[in-house]
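What you see below is based on every heavy atom in this structure, not just the backbone, and it leaves out hydrogens, waters and symmetry mates.
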Amino acid sequence: MPNAKVLSEKQAIVAGLVETLKSSASGVLVNYEGITVSEDTELRNELRKAGVEYSVVKNTLVRRALDDAGLSELDDILHGTTSLAVSKEDPIAPMRVVNKFAKGLGDDRFVIKAGFMDGKVLPLEDISALAELPSKEVLLGQVLGMMLSPITSLAIVIKAIAEKGGVPAEKAEETPAAEVEAPAAAEEAPAEAAAPAEEAPAAEAAPETPAE
């Protein structure tokens, strides 16, 4: 029977695991049996770059943590060696990095056993599908690109129309103002032309005076 100190340490580990599981957006449990020290170091570096926390866990302790975190469905996969990779920011990162690393090894020495997202256990086929998605940054960039594409297209069309009409693109916005002023000038012109026509009769009456 473990003494009080050992029991206290195990309880602290379980409590830490529970907090990690509950605060993470997603995570995967992995069978890491057979990978070398250098491969393990390489994996940890890749996970660290992606903001993923990674640790080797004892099945008995992580089982208690999973039960306390509401993920008891994962108890059945807790055999052999087990490591845990979780992310609090990017829910796809643990699956993507671990899956890519496993493919690079090309054998069964490193295999995803199970995973979860937002407190729900995921089927292995869903994990595999999510692992093929790009990173969160890339996804946000793609979404932003799709949002901006109509604006970009509109700008290109306006530029093409302006240049086709002989107006530089940067002057396109000034063109409407010039077009508005032109009709105003045209409307004033007839009034000025009509003035000489009214003075004409007075000029014709002048020669009659000497006749008296």
Side-chain angles (χ1 to χ4, degrees), residues 1-140:
M1 183 175 180
N3 59 38
K5 181 179 180 181
V6 173
L7 183 59
S8 177
E9 290 174 351
K10 288 183 177 181
Q11 289 174 341
I13 293 173
V14 171
L17 286 171
V18 172
E19 177 60 28
T20 296
L21 292 168
K22 287 184 175 180
S23 62
S24 297
S26 71
V28 290
L29 293 163
V30 184
N31 180 0
Y32 64 91
E33 185 177 4
I35 66 171
T36 65
V37 173
S38 60
E39 290 169 342
D40 181 72
T41 300
E42 179 185 353
L43 170 65
R44 289 174 183 271
N45 288 336
E46 291 300 317
L47 291 168
R48 191 177 300 110
K49 290 177 185 177
V52 178
E53 299 177 19
Y54 179 80
S55 60
V56 173
V57 291
K58 289 185 177 182
N59 290 330
T60 54
L61 299 182
V62 77
R63 180 178 286 108
R64 295 178 189 174
L66 290 170
D67 292 346
D68 290 347
L71 296 168
S72 58
E73 296 173 64
L74 298 175
D75 288 355
D76 292 340
I77 59 90
L78 296 176
H79 49 79
T81 59
T82 304
S83 59
L84 174 66
V86 298
S87 174
K88 296 180 180 180
E89 301 295 333
D90 187 346
I92 302 173
M95 305 165 196
R96 186 183 70 253
V97 177
V98 171
N99 183 66
K100 181 180 178 181
F101 184 78
K103 283 186 174 181
L105 293 177
D107 51 35
D108 296 331
R109 292 182 295 138
F110 192 81
V111 181
I112 294 177
K113 298 196 286 186
F116 65 91
M117 179 181 289
D118 295 330
K120 304 295 182 181
V121 176
L122 295 176
L124 284 175
E125 55 268 26
D126 289 356
I127 295 174
S128 298
L130 290 169
E132 298 299 326
L133 294 176
S135 66
K136 180 180 177 181
E137 290 73 18
V138 173
L139 285 173
L140 289 174

Are the side chains of Arg96 and Leu133 in touch, meaning some heavy atoms are under 4.5 Å apart?
no

OG1 (Thr81) and CG (Asn31) are apart, to the nearest 0.5 Å, by 4.0 Å

Considering only residues two or more places apart or on different chains, which pairs with a residue in residues 54-75 satisfy salt bridge (Lys or Arg N to Asp or Glu O under 4.0 Å)?
none

Looking at side-chain heavy atoms only, is the closest gap between Leu43 and Tyr32 below 4.5 Å?
no

Correct closest heavy-atom pair for Lys113 and Leu78 would be NZ-CA, 4.5 Å

Taking every non-hydrogen atom, the tightest pair across Ser87 and Gly51:
OG-O, 3.9 Å

Holding to side chain to side chain donor-acceptor pair (under 3.5 Å), I want the full list of residues that pass it with Lys120, two or more places apart in sequence or in another chain.
none

Side chains of Lys103 and Lys100 in contact at under 4.5 Å (non-hydrogen atoms)
no

If every non-hydrogen atom of Ala131 is compared with every non-hydrogen atom of Met95, which pair is closest and at what distance?
CB-O, 3.5 Å

Is Asn45 atom CG crowded by more than 12 heavy atoms from other residues, nucleotides or ligands, each under 6.0 Å away?
yes

Are the side chains of Phe116 and Leu29 in touch, meaning some heavy atoms are under 4.5 Å apart?
no

Using the side chain to side chain contact (heavy atoms under 4.5 Å, CB included) rule, take Leu122 and Leu130 through it: C-alpha gap first, then chi angles, then the decisive distance, then the call.
CA-CA 10 Å; Leu122 295 176; Leu130 290 169; 3.8 Å; yes

Scanning both residues in full, the closest heavy-atom pair of Ala69 with Lys22 reads CA-CE, 3.9 Å

